[in-house]
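The analysis underlying the following values was restricted to heavy atoms, covering all of them including side chains, and did not include hydrogens, waters or symmetry mates. Everything quoted here is computed from the prediction, not taken from an experiment. Here is the naming used below: chain letters follow the sequence lines, and residue numbers restart at 1 for every chain.
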Amino acid sequence: MNHILITEQRLNIPDMYNKVRDPSCGAISSFVGTTRDLFNDKPVVKLEYEAYIGMAEKALGDICKQLRSQWPLHHILMAHRLGSVPVGEESVAIFVSSVHRAESLAAVSAAIDALKASVPIWKKELYSDGSSNWKVNAECAWK
Amino acid sequence: MNHILITEQRLNIPDMYNKVRDPSCGAISSFVGTTRDLFNDKPVVKLEYEAYIGMAEKALGDICKQLRSQWPLHHILMAHRLGSVPVGEESVAIFVSSVHRAESLAAVSAAIDALKASVPIWKKELYSDGSSNWKVNAECAWK
Amino acid sequence: MGCEVRVVFFAAAKELVGCREASLSVPSRLSFSELKDILLEKYEALKILESNFILAKNQEYLDFEGDALVVFKSGDELAVIPPISGG
Amino acid sequence: MGCEVRVVFFAAAKELVGCREASLSVPSRLSFSELKDILLEKYEALKILESNFILAKNQEYLDFEGDALVVFKSGDELAVIPPISGG
C-alpha cells in the first residue's frame with residue numbers, strides 16, 4: 001500500500017512506522033527530515049511550508065509508482081507537513097517496508113531525492129534578524 | 001553520542017528515534033529489522049537470538065567509530081534484541097542523525113552491513129514442523 | 001480562439017502578485033514562451049523572479065526546456081511554480 | 001609453559017559441547033591451527049561444525065586466514081565463534 005499524507009498536523013512518527021510494518025517484511029527503512037536551528041550560522045526562528053496540494057499528492061503517488069518499478073516493496077509512506085513548523089520538529093517522513101533490507105534502504109534514499117526534485121512544496125525560513133528567504137532545493141531543475 | 005543497546009526487552013522504537021533527534025540535525029535515518037513469518041516458505045514459529053554480549057557491545061562500538069571516521073554524524077544508536085523474539089517484532093534497530101541527509105542515509109546502510117559481518121550474535125529459527133536451524137549471514141566471512 | 005483558465009500562484013509568486021488565484025484569458029493554442037510572456041505582461045511583479053518559475057497545467061508540469069505547444073480548454077488550471085524546496 | 005584459560009562456547013558450538021564455559025590448558029605460545037586442534041581434540045563434538053568456527057581471545061577475533069602465532073596468559077578468555085547471524 002502507498003500512504004500519502006500532506007497535513008498541517010504534527011507528523012506522528014511512531015504511527016507511520018506502524019503503518020508500514022508487516023510480518024512478511026524483514027526490513028523497515030526510514031528517512032525523517034526535521035527543521036534545523038541554523039542556516040549558515042543565522043538562527044532560524046520559524047519555518048513555513050506551502051504546497052500545491054493536489055499536485056503534490058499526485059507527485060508523491062508518482063514517486064511511489066517509480067519506486068515500485070525499480071524495487072520489490074511492500075508498504076510505502078510519504079508524508080509532508082505544511083504551515084508553520086517549529087524548529088526541531090518533523091517536516092518530511094518517508095517509511096518503506098520490504099522483505100530484505102537492500103530494497104527498502106535504496107528506496108528511501110531515492111524517494112527523498114525525487115521528492116526534493118519534483119514535488120511542488122515550498123519552504124520559507126524566517127530569521128531572528130527579521131529577514132526571510134524562500135529556499136530552493138539543489139535538486140530543483142529550474143532555479 | 002553513541003548509544004549501544006543489547007537487551008532481552010522489546011526494542012522501543014519511538015524511544016530510539018527520540019534519542020538521536022537534535023535541533024542541529026536536519027536528518028534522521030533508520031533501519032529496523034523485524035522477524036519474518038516465513039523462511040523459504042517454511043512457517044517460522046519462533047526466533048531465538050544469542051550473543052557474546054561483551055564482545056558484541058565492543059564490536060558495535062567499533063562500528064560506530066568506523067562510521068564516524070567516514071561521515072560527519074551526530075548521534076548513532078545501534079540496538080539488538082536477544083532471547084526469544086516473536087514473529088513480527090523488532091530484532092535490530094539502527095538510528096543515525098546528521099546535519100544533512102546524505103551522511104545518515106549512508107551510515108545506516110553501512111552500519112547494518114558491518115553488524116551482519118562482524119558482531120557475535122546468532123539467530124536460531126524454529127519451524128512449525130519442529131525442526132530448527134542456526135542461521136548464517138551471507139556477510140559472515142567464515143561459513 | 002481564446003478561453004478562460006484559472007491561474008494559481010504559489011510561494012514567492014503568490015507574494016509578488018498578491019493573490020492565490022485569478023482568472024486568465026489565453027489563446028487555446030500557444031507556445032510555452034508565449035504563455036510565459038502573457039503571464040509576465042499581466043503580472044509584472046513576476047519579473048522579479050527573473051524567469052525562475054515553471055508552469056503546470058491541470059497539475060502536470062509543462063515542458064520548460066523546449067518551446068512546446070500548449071493547448072488549453074476553458075476551465076483548465078494553470079499554476080505558476082517557483083523553484084521548489086520541499087523535503 | 002602452559003596456562004589455564006577460560007573457554008566459552010556459543011550457539012551451535014554450545015549445543016554440541018553441552019556447556020557455555022569450561023577451563024582449558026593451553027601452551028602459552030602456539031599457532032592458530034595448533035589451537036584449533038587442541039579444541040577439536042578435547043571437544044570432539046565440535047568436529048560436526050566442520051571447522052566452520054573462528055576464535056576470539058579476550059573479545060578480539062583471532063586472525064583465521066593466516067596461521068598466526070597466538071600468545072596466552074593465565075585467565076585469558078577464548079571464545080568459540082560459529083558463523084554469525086545477527087541483524
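Here A/Cys25 is the residue among A/Ala93, A/Cys25, A/Pro14, A/Ala106 with the most heavy-atom pairs under 4.5 Å with chain B. Ranked by non-hydrogen atom pairs under 4.5 Å with chain B, the options A/Ile13, A/Thr34, A/Asp22, A/Ile112 are led by A/Thr34. Counting heavy-atom pairs closer than 4.5 Å to chain A, the top residue among B/Ser29, B/Ser97, B/Ala102 is B/Ser29.
A pairwise comparison of heavy atoms in A/Ser109 and B/Leu105 identifies OG-CD1, 4.0 Å as the closest pair. The two residues B/Arg21 and A/Glu89 come nearest to each other via the heavy atoms NH2-CA, 4.2 Å.
Here the side chain of A/Arg36 pairs no donor or acceptor atom with the backbone of B/Pro23 at under 3.5 angstrom.
Of the atoms belonging to B/Thr35, it is backbone heavy atoms, and not side-chain ones, that fall under 4.5 Å from chain A. Heavy atoms of B/Arg101 lying under 4.5 Å from chain A belong to its backbone as well as its side chain. Looking at A/Ile28, the atoms closer than 4.5 Å to chain B (heavy atoms on both sides) sit in the backbone and in the side chain alike. For a residue to count as touching a neighbouring chain, one of its non-hydrogen atoms must lie under 4.5 Å from one of that chain's; by this rule B/Phe31 touches chain A with backbone and side chain alike. When heavy atoms are compared at a cutoff of 4.5 Å, B/Val92 does not approach chain A at all.
To the nearest 0.5 angstrom, A/Tyr17 atom OH is 9.5 Å from B/Met16 atom CE. Within the model, atoms CG of A/Asp37 and OG of B/Ser24 stand 6.5 Å from one another, a figure rounded to the nearest 0.5 Å.
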